[in-house]
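Data first, discussion second: the structure below is written as structure tokens.
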Amino acid sequence: MSTTEKWISWISQFTDQIIEHKADLNQLDSAIGDGDHGSNMDRGVKAVKEKIDQGDYEELTDLFKDIGMSLVSKVGGASGPLYGSAFISMAKASKETDDPSLLLEAGLDGITKRGKADPGEKTMVDVWHPVVDSLKKGTLAQSDIDEALESTKDMKATKGRASYLGDRSIGHIDPGAQSSAYLFSTLLEAGVLDD
Amino acid sequence: MSTTEKWISWISQFTDQIIEHKADLNQLDSAIGDGDHGSNMDRGVKAVKEKIDQGDYEELTDLFKDIGMSLVSKVGGASGPLYGSAFISMAKASKETDDPSLLLEAGLDGITKRGKADPGEKTMVDVWHPVVDSLKKGTLAQSDIDEALESTKDMKATKGRASYLGDRSIGHIDPGAQSSAYLFSTLLEAGVLDD
Amino acid sequence: MKKIINQPDHVVDEMLDGLAFAYDSIVKRIPDTTVIARHLKADKRVGLVSGGGSGHEPSHAGFVGKGMLSAAVAGQVFTSPTPDQILEGIKAADEGQGVFLIVKNYTGDVMNFDMAKELAELEDIDVDFIVVDDDIAVEDSTFTAGRRGVAGTVFMHKILGAAADSGATLEEIKALSERVNANVYSIGLALSPATNPEVGKPGFELDGDEIEFGIGIHGEPGYSRETLKPSKELAQEFVSKLKKEIDWNPEDRFALLVNGMGATPLMEQFVFTNDLKALLEGEEQLNLAFKKVGDYMTAIDMAGLSLTLLKIEEDSWIDYLNYPVDVIGW
Amino acid sequence: MKKIINQPDHVVDEMLDGLAFAYDSIVKRIPDTTVIARHLKADKRVGLVSGGGSGHEPSHAGFVGKGMLSAAVAGQVFTSPTPDQILEGIKAADEGQGVFLIVKNYTGDVMNFDMAKELAELEDIDVDFIVVDDDIAVEDSTFTAGRRGVAGTVFMHKILGAAADSGATLEEIKALSERVNANVYSIGLALSPATNPEVGKPGFELDGDEIEFGIGIHGEPGYSRETLKPSKELAQEFVSKLKKEIDWNPEDRFALLVNGMGATPLMEQFVFTNDLKALLEGEEQLNLAFKKVGDYMTAIDMAGLSLTLLKIEEDSWIDYLNYPVDVIGW
Ligand SMILES: Nc1ncnc2c1ncn2[C@@H]1O[C@H](COP(=O)(O)OP(=O)(O)O)[C@@H](O)[C@H]1O
Ligand SMILES: Nc1ncnc2c1ncn2[C@@H]1O[C@H](COP(=O)(O)OP(=O)(O)O)[C@@H](O)[C@H]1O
Ligand SMILES: [Mg+2]
Ligand SMILES: [Mg+2]
Ligand SMILES: [Mg+2]
Ligand SMILES: [Mg+2]
């Protein structure tokens with residue numbers, strides 16, 4: 001399997017997860033947001049799938065750019081520009097490297113530049129940040145992802161729509177953190193990190 | 001008791017009946033109309049009461065005119081102009097006579113001139129018409145009123161709001177017939193016909 | 001009943017005061033009456049008065065102002081106003097050229113406006129009137145009180161308003177009104193009932209997936225109760241019903257009004273309008289020379305909508321529909 | 001869910017087609033986009049673009065037309081439009097004098113409009129923007145995404161639209177928008193939740209007699225849940241909340257907007273307005289120099305309303321509010 005194929009297999013597994021869990025993500029978003037995170041992501045990953053099914057990718061850069069642009073133009077809401085910026089940033093970085101940890105670090109960078117969230121604000125960053133740390137140490141395991149995801153439960157949201165709830169946001173898992181957890185579980189499963 | 005006093009006592013008993021049965025009349029009107037006949041009549045009789053409590057009536061004409069004008073200006077809907085026309089017509093007739101049967105015949109006349117309903121169309125006319133007949137024969141009894149009222153149940157409405165229901169109007173007592181039944185029961189009770 | 005009100009029996013009074021306050025640049029309330037009148041009389045024009053029970057907002061006060069009505073008379077909720085109030089409306093509208101009344105065909109309205117006309121004539125005001133009966137849901141026969149007046153009344157307001165503003169005489173307005181009335185057809189449906197605040201509970205009941213075709217604007221029952229269908233099929237039902245009545249030909253010109261009943265979001269009204277486009281312009285090839293979508297003749301908080309088609313007999317009707325107005329609700 | 005729609009995920013597309021069809025004399029839909037634009041560009045004016053999630057009708061497309069917005073971009077229901085669509089809106093609005101974006105303060109809207117601005121600048125279009133944050137229900141602190149943009153946005157549309165039409169430059173519009181934003185305050189309440197057709201069930205739950213103060217226009221939770229009170233007391237709650245924030249003096253001039261959330265009858269809106277009259281004009285002795293009541297920034301079929309006060313800093317703002325427009329929803 002070429003590297004590109006592994007990344008494509010990742011994205012297609014991620015797509016399946018999102019479609020399968022659309023209602024769950026909406027449910028999580030209903031508790032602390034506006035109930036559409038699943039629908040938003042579902043629209044996005046379907047567009048991504050349609051796009052990359054047509055393509056024939058030699059270069060990671062083209063793949064990530066198409067993913068990023070599809071997400072940006074289909075997801076909408078807060079998560080669209082954030083996931084989109086992550087992949088566009090990964091596309092840029094892929095001109096220099098194909099190391100998954102560096103690529104995903106660039107992705108995180110794209111998210112924080114766009115959304116200006118720090119860790120601890122109860123957003124997807126609370127999954128991305130520790131995952132990228134573990135990746136860089138070469139130790140990423142499913143348990144790290146689970147732990148990062150769980151950690152959002154006790155946080156009080158201070159960014160995004162959930163911040164309007166103040167203390168009432170505590171006790172719920174962040175929907176964007178959940179979709180990011182699917183992203184990284186499937187990263188492990190797709191064998192992107194194996195070689 | 002002077003004649004005027006008897007008529008006043010009649011109207012005040014009628015007022016009490018309407019106020020007591022406001023909800024029942026609304027209920028009847030909900031089944032085949034728009035559910036407001038009780039509220040409409042309630043507003044009207046309260047205005048009548050307020051008006052005649054202030055007055056000092058020597059002449060039946062003045063009494064009936066005040067009742068009619070109060071009803072016309074307070075009841076609204078279909079029943080306002082109908083009851084109003086009845087009393088205004090009685091006011092006119094009272095210049096010539098104080099015979100209850102002639103007065104109420106004039107009242108019925110006012111109603112049919114305004115509303116153009118014939119007997120059998122499931123309206124208040126179906127109480128007024130037989131009652132006036134019995135009055136003229138000098139035989140009016142509560143049973144006549146009850147019978148006339150009941151007869152509206154099996155009729156199909158072809159006048160007023162209930163006519164939109166077509167056959168579905170069958171099986172319900174007409175609300176205006178019911179309020180007219182109160183009018184004539186209290187006429188008997190108030191002793192207007194005794195002498 | 002969950003409503004933003006104070007005492008139920010003060011609703012009409014407070015609503016009229018609120019409206020007159022909010023739009024004091026356009027209208028005023030005539031003190032101690034339920035009449036909303038425009039500020040300035042036009043210049044020796046025929047006065048136009050409409051009205052009816054409250055609960056149809058923005059009808060009727062929302063159409064008072066330059067280019068449309070001279071005055072509107074409000075009754076209690078869903079109850080015709082009384083003759084004395086209508087007389088006040090007539091007086092407020094009178095500029096010496098006669099006053100024309102726009103009445104919806106309900107027994108109560110017809111009788112009260114009729115008594116008001118008699119009273120006005122006693123005061124030497126020339127009065128004439130039209131009884132609008134556009135609702136094709138009701139069979140028009142001698143066995144009913146006739147067809148109800150519903151949203152088509154709004155087109156009547158608009159066209160007569162422009163004609164009056166353009167100097168038409170009382171006789172001309174009467175003749176015009178009869179032609180408009182002969183050419184206007186409406187049909188409605190409800191998804192949920194209205195609650196009259198003075199009654200306190202819904203006027204009828206519909207199950208979670210039931211709708212009723214042919215409903216009136218006070219919750220009068222319609223001609224059939226069915227399960228909710230997609231918008232396209234609702235549009236189809238309306239169009240076939242109207243087609244049977246109007247018997248149109250391709251290229252015939254119509255004005256279209258999609259009217260929300262009070263609680264129907266504009267989102268749904270526009271989706272429905274899009275389905276009408278396919279049917280009326282597409283399949284039937286009608287020429288829709290004027291279109292309007294929104295809440296114009298409501299039934300308090302009923303969810304549902306109605307469709308009105310006015311067959312255009314003369315170019316001037318289109319001009320009248322486009323005639324500029326300064327009112328709250330057009 | 002009881003709605004007049006076809007497929008839930010076609011609602012936005014069909015709504016936009018329906019709107020463009022109904023009001024084809026005022027607007028058009030840019031093909032293959034979710035952009036509604038006015039027909040004729042003005043003459044070398046600054047372009048004005050607004051937009052956001054759908055479900056707020058008549059916002060935003062209802063304010064496109066002469067004297068107001070150049071274009072409006074619709075997202076999915078309650079979801080910000082995407083940068084590529086906003087870019088299409090910017091292009092449709094561009095007359096060579098720059099384009100100004102009116103954005104409501106929601107994380108998603110801000111980020112998507114921001115990306116669109118970057119894209120437009122790549123195509124050499126000058127773009128600037130205002131982020132409206134008028135909802136005082138939310139505490140403004142570094143611990144939240146800041147105050148939400150709600151019905152005050154409609155005043156922003158109106159004032160900037162008149163300014164742009166009068167020839168203001170991009171810089172002047174930017175400066176004006178900041179002053180308007182600094183002076184506009186809103187607060188809302190809900191009696192019943194909205195149902196997003198794509199979600200299929202209500203966004204939150206309220207018991208039969210419960211209301212929620214401080215609700216957002218997508219069903220975001222408010223600051224307190226209470227049992228329904230008479231209109232007078234609801235008005236009192238709003239006024240005290242606003243007074244704390246604005247700290248006004250007698251004779252201060254304000255523009256007032258009473259905004260229905262979609263399913264609230266005008267009847268209730270006017271009753272509520274009447275109670276505001278007693279409080280604002282009566283007790284507080286404010287000078288309400290402009291007033292408007294109706295559905296302008298809705299939350300689909302939510303029952304409830306909001307109150308917006310704009311402190312008038314300059315006479316020209318009143319003129320701008322009264323400036324004649326040709327749009328669907330003003
Ligand atoms: N500033 C931000 N930075 C990072 N992530 C954010 C930020 N704001 C929101 N998010 C993420 O976006 C998610 C919500 O996405 P979504 O529901 O699709 O958008 P919206 O809130 O516009 O409806 C949140 O759960 C959170 O993880
Ligand atoms: N044309 C008519 N002639 C006589 N009575 C009528 C006529 N139309 C209606 N009614 C009476 O009026 C009653 C309804 O009155 P009400 O409910 O107060 O008015 P509305 O129908 O306007 O709501 C009916 O029950 C009927 O008895
Ligand atoms: Mg969301
Ligand atoms: Mg009735
Ligand atoms: Mg009635
Ligand atoms: Mg959203």
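- Residue contact with chain D, scored on non-hydrogen atoms closer than 4.5 Å, is absent for A:N26.
- Contacts with chain A were tallied for D:E220, D:H218, D:R148; D:R148 has the most, counting heavy-atom pairs under 4.5 Å.
- Listed in order of number, the residues of residues 106-115 of chain D that approach chain A to under 4.5 Å between heavy atoms are D:Y106, D:T107, D:G108, D:M111, D:N112, D:D114, D:M115.
- In this structure, chain D has a heavy atom under 4.5 Å from the backbone of A:K74, while its side chain stays farther away.
- Heavy-atom proximity under 4.5 angstrom to chain A picks out nothing from residues 7-18 of chain D.
- Environment of NZ in A:K51: sparse, with no more than 12 heavy atoms of neighbouring residues, nucleotides or ligands closer than 6.0 Å.
- With a 6.0 Å radius and a threshold of 12 heavy atoms from other residues, nucleotides or ligands, A:E96 has its CD atom at or below the threshold.
- Heavy-atom pairs under 4.5 Å with chain D were tallied for A:G160, A:S30, A:G84, A:G115; the largest tally goes to A:G160.
- To the nearest 0.5 Å, atom OH of residue A:Y164 and atom CZ of residue D:R147 are 11.5 Å apart.
- Other residues, nucleotides and ligands contribute only 12 or fewer heavy atoms inside 6.0 Å of the CD atom of A:E50.
- Enclosure of atom NE2 in A:H129 is not indicated, since only 12 or fewer non-hydrogen atoms of other residues, nucleotides or ligands lie within 6.0 angstrom.
- At least one side-chain heavy atom of A:R43 sits less than 4.5 Å from a side-chain heavy atom of D:E198.
- Panel note: side chain D:S80, backbone A:G76; no donor-acceptor pair is recorded below 3.5 Å.
- Between chain D and the options A:A78, A:G35, A:G77, heavy-atom pairs under 4.5 Å are most frequent for A:G77.
- Residues D:T82 and A:V75 form no side-chain contact, since every pair of their non-hydrogen atoms from C-beta on lies 4.5 Å or further apart.
- With a 4.5 Å cut-off on non-hydrogen atoms, D:Q85 does not touch chain A at all.
- Minimum interatomic distance between D:A145 and A:S163 (heavy atoms only, all atoms of both residues): N-OG, 2.9 Å.
- In terms of non-hydrogen atom pairs under 4.5 Å with chain A, the most contact-rich of D:G75, D:P83, D:G219, D:G203 is D:P83.
- Other residues, nucleotides and ligands contribute at most 12 non-hydrogen atoms within 6.0 Å of the CG atom of D:D32.
- Top candidate by heavy-atom pairs under 4.5 Å with chain A, chosen from D:V77, D:T79, D:V199, is D:T79.
- Within the model, atoms CG of D:L87 and OG of A:S73 stand 12.0 Å from one another, a figure rounded to the nearest 0.5 Å.
- Proximity to chain A (any heavy atom under 4.5 Å) is shown, for D:D135, by neither the backbone nor the side chain.
- Dense packing is recorded around CD of D:E121, with more than 12 heavy atoms of other residues, nucleotides or ligands lying under 6.0 Å away.
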